[in-house]
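Working notes for the structure below.
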Amino acid sequence: MNWSVSVVSTATSDTEPTIIVTFDNGKYVFNAGENTGRTWTQSRRHWRKSKGLFVTSVGTQQCAGLTGVLMFFADGLMKGLDVVGPQGLTHYLASMRHHMFRSGFSVKCVEIPPAPSSSADTEPAAPVPVFKDENVTVYGIPIYPTPPDAIVSTSSAKRKRSPLPSKRPAMAGIQYKSPLPGVDAQEYRRLTVENMFPRLVQPPGGGPPKDPDEQKQGKGKRHKQQVDAKSAKMVAGPEPPPPLMEVYNEAYAHKNKYLPPFEEYGLDMSKKMTACYVLVGPRTRGKFDAKKAETLGVFRTDRAKLIKGQTVTITIKDADGNEIQRIVKPEDCIAQSEIPKVMLLLDVPTPTHIPQVVATFTENPFYSRFHSKSENDQSEYRVHIIYHLCGPGVLEDERYKAFMRGFANHVNHQISSREHGPDPVTFTSAAFSQLRLHQLDADMFPLPQFSLVARRDLSSVTGLPAKAELLSPNRIVMMRPLTDPCDDEEIAKYDLFHPVITSGMPVSLPESISNEFAAAKARVQRHVDERAQDKKPGDDVEVIPLGTSSAVPSKYRNVSSTLIRIPNWGNILLDAGEGTWGQLTRMFGDDIDNHTTGAWDVLRNLKFIFLSHMHGDHHVGTAKLLAMRKLLKPSPNQALFIVGNRNHEVYLRDQSSLEDLGLSGPGRNGVIFMQSGFFHWFPPEERKELMENDTFQRFEIARKLLNSSWAEPSLKSGKEMCRALGLESFQTLRVNHGGGCYAVILKHQDGWSIVYSADTPPDAVLAAAGENCKLLIHEATLADGQEDLALAKKHSTFSQARKIGEQMKAENLLLTHFSARFPKIMLGDDGKIDELPHPTLALAVDHVRFVIGDMWKLGVYSRAVEGTIFETNAEEGGDEDDELPSGPW
């Protein structure tokens, strides 16, 4: 049974290390930081055989990509998955309940106990695996940071450590008890996760969804009495649990309430539990020697017993012809079993975690056999590779280097350290397209920020084991048959970006692209003189699409996010899908030593995040942004305002139990949350028919919200936000899409306005609300000809969005949110873009950068941009929707 371990991603500006163990019949994934799903798509790997996902810490570092990964798994028609991690994992999963529900998928959440556990069925002090199947046995090791005066011992099932930090004070207005009477906090979290992924299927004859196990066994059979056929006695069956849908409905009724906070670590993340993993592969049985069995006189009918590990007794004749019995053992005719191969994943975020990691592998009788040069220990298990995830200061700590040298000399050490690793481009398909588009317009299509040189060379770290090297993407090591790490050439061939960069030669353009570029440049030049005029208000406002894909990311497009930069005022973010922080770092740079430049400076001046609705592709990246904002040095000197619906706040509050997101109190530079419904737009008196004919009842709902006692604090904060950004007004409008979706209308005191539609079918009320705007950013999820599908999914087609821009009398129309399954929806052959139509029409591309006054250029470039992306895709030999789930949005 051959198997391997490979690196999907490393510690870069936009990813965290993700490791995958691959067997023919199963995959096992370690860590799911932001962009894990998109990285997987970029690498062309498949995930449908995944059986387990293991995270080393709970929070935005190693778990921020969990939503996207689970959606990939579920929509890839997988049945279920085990998710394993430290304490708090159940809480983290349950916090996603507002945007994650997959009725045909199940998640088994396993939390590693806070202290080592042992099993009576195994040798003393042997741990209980956190996961086991026919391929692997995985042990999870809880690791706590160790204060200098703490006593660390892992030689037995019990250990001494300093007490956990005191629990933080309750935040005003947060409900601490389980919403379900009689259910404790952890059980409520578990129940919530179970009901997010109930593994229900639709019966063939219709009707409500049911548990598939119950369907297989017949309705109700699982909970009826069982008959013992031999004694004809009735044997009591298991106690029936509550009906699955009934339990789900009960939990669903409470999902808008806060989870019971997870208070184990308080707000001090440096004291929280992390996890290390030991993965043991199968003990492969030796081959059966048929000739030796025949020599021993074993009958064919008995050979199966030997293969199963049983002894057999045979009758033979001695030299004198007397019959004698001989016992034949399996080892007499079966070759020696192969020693199980072992992989270790050690996450050591700070030097204070080192003592317990060292103690675990030197004092614990079970784990110490892996950290050994003894031949006896190596005959039991062979450690072949160790992945070290080293936080700042860990790799150069003499204690850790001595610990690394304590392993057998043949062990390979793969080291992840931001201090010593480069920052290569992760999404090379998009970067290669950008490299080509840079030749079309260097200002509008800047090259991504990256570095192939480490901040500190690994060779400067003395005392490392001989077989130590930096973790690099697409690095693979065979565990059977054994090989040392090498590049995965099959994956590496898809990287067209780095070879061009390292060659120092300009990228060559196919003739078709070169001709289109020349024609586009000529069209732009033809209109430059015609458009020479005095600048109008808002022309200098900068627009940077960071994510332009709908539902799921693709090789070329991340999910929804658009950055608006208002000169002399500050920054606005319209939605924040997963990977938004990474997109910012690739656009502006990520100097972790200087927080006054690059993406850190953009984050420092971010004053307003608008979250349109609860679908994950529009908001899941928010927590990561808030976590990074807490790292800013010095801290921001103004507040960050977030506008979203009630469930956005519940989600962020729930997550803040595990990681400080700045929500503990507003203060002068904290996070202030406001609900979208309190800023609802109402038509003027002369447009009353809009309310009278509104079948969506948006205005009736808005009135109820505005009359509630909750409205006043948000309205007061809204005025503060407007003052901070120079806005004359800020209004929202409920639109006809799921997830409590709102559009937003921003009017600036300088006389310009921006409208963002979020997700919506054509909406005449929106057209009226944003009339005469400077810029309309509108979704165009589907292609012309797919109007029925657009109606069903409550989205717009290209032409429908274009028509709304005309009705709105928008000066500029930027289309975005393109379906990854229908990528070529962009332009027809009518040539109207060459004529600079009104409104000026352009198609958003990730990492295009322009001021509104120059957006017409992007419109002229659009056909050239489309051709470049799909020409690149053809050269890679890939398909834009390879392995993409359909998504619910």
Side-chain angles (χ1 to χ4, degrees), residues 2-24 27-31 33 35-36 38-47 279 281 341 343-345 383-390 395 410-418 420-432 435 448 450-454 457-459 461 464-505 507 555 872 875-878 882-883:
N2 295 344
W3 59 290
S4 64
V5 186
S6 53
V7 180
V8 177
S9 59
T10 60
T12 69
S13 292
D14 45 18
T15 58
E16 295 291 338
T18 297
I19 311 298
I20 180 170
V21 176
T22 303
F23 287 77
D24 288 341
K27 296 177 186 289
Y28 310 86
V29 184
F30 290 82
N31 280 337
N35 284 320
T36 297
R38 189 182 178 197
T39 308
W40 218 324
T41 300
Q42 172 67 53
S43 70
R44 276 70 165 185
R45 290 181 174 92
H46 299 273
W47 56 76
L279 180 143
K341 310 305 185 296
M343 177 206 84
L344 271 60
L345 178 65
V383 178
H384 185 57
I385 191 163
I386 305 175
Y387 294 95
H388 303 267
L389 310 187
C390 299
L395 185 60
H410 65 260
V411 174
N412 293 280
H413 298 264
Q414 298 278 292
I415 300 168
S416 170
S417 171
R418 292 185 186 275
H420 304 88
D423 185 19
V425 166
T426 304
F427 306 112
T428 54
S429 295
F432 186 64
L435 185 62
F450 67 97
S451 175
L452 300 181
V453 179
D457 198 290
L458 187 65
S459 62
V461 183
L464 293 176
K467 301 186 74 172
E469 64 178 23
L470 280 173
L471 191 72
S472 58
N474 302 319
R475 197 81 165 149
I476 186 171
V477 56
M478 293 299 301
M479 302 294 283
R480 186 178 189 271
L482 282 177
T483 67
D484 285 337
C486 62
D487 289 335
D488 188 335
E489 295 181 0
E490 181 64 26
I491 303 297
K493 71 180 183 181
Y494 295 118
D495 181 2
L496 304 179
F497 177 79
H498 291 109
V500 173
I501 292 296
T502 55
S503 71
M505 301 293 290
V507 61
K555 295 195 295 281
T872 302
E875 289 183 14
E876 290 180 324
D882 279 349
E883 284 294 314

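Each residue takes its place number in the sequence, starting with 1.
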Where do [X] and [Y] come nearest, in terms of heavy atoms and distance?
X	Y	value
Asn31	Pro17	CB-O, 3.4 Å
Arg45	Asn474	NH1-OD1, 3.4 Å
Thr18	Gly33	OG1-N, 4.5 Å
Lys467	Val411	CB-O, 3.5 Å
Val477	Asp484	CG2-C, 4.1 Å

Nearest 0.5 angstrom please: [X] [atom1] to [Y] [atom2], how far?
X	Y	atom1	atom2	answer
Leu344	His388	CG	NE2	8.0 Å
Thr10	Tyr387	OG1	OH	12.5 Å
Leu464	His420	CG	NE2	8.5 Å
Met343	Trp3	CE	CH2	7.5 Å
Leu345	Ile385	CG	CD1	10.5 Å
His384	Met479	NE2	CE	6.0 Å

Results of side chain to side chain contact (heavy atoms under 4.5 Å, CB included) for [X] - residues two or more places apart only:
X	value
His498	Pro424, Val425, Thr428, Leu452, Asp495
Asp487	Arg475
Thr22	Ser4, Ile20, Lys27
Leu496	Phe432, Glu875, Glu876

>> One pair to check against side-chain contact (heavy atoms from CB on, under 4.5 Å): Val21 and Phe30. What are the steps and the verdict?
In response: CA-CA 8 Å; Val21 176; Phe30 290 82; 3.9 Å; yes
Side-chain contact test, heavy atoms from C-beta onward, threshold under 4.5 Å: evaluate it for [X] versus [Y] and give yes or no.
X	Y	result
Asn35	Thr426	no
His413	Glu469	no
Leu458	Leu395	yes
Trp47	Val29	no
Phe497	Phe427	no

Check: [Y] main-chain N/O paired with [X] side-chain donor or acceptor under 3.5 Å:
X	Y	result
His410	Val383	yes
Asp423	Thr12	no
Arg38	Thr36	no
Thr483	Met478	yes

> With sequence neighbours left out, which residue pairs that include part of residues 9-22 fulfil the salt bridge (charged side-chain N to carboxylate O under 4.0 Å, His left out) condition?
Replying inline: Asp14-Arg586, Glu16-Arg418
>> Test of understanding: with side chain to side chain donor-acceptor pair (under 3.5 Å), list the residues that count as partners of Ser416, not counting sequence neighbours.
In response: none
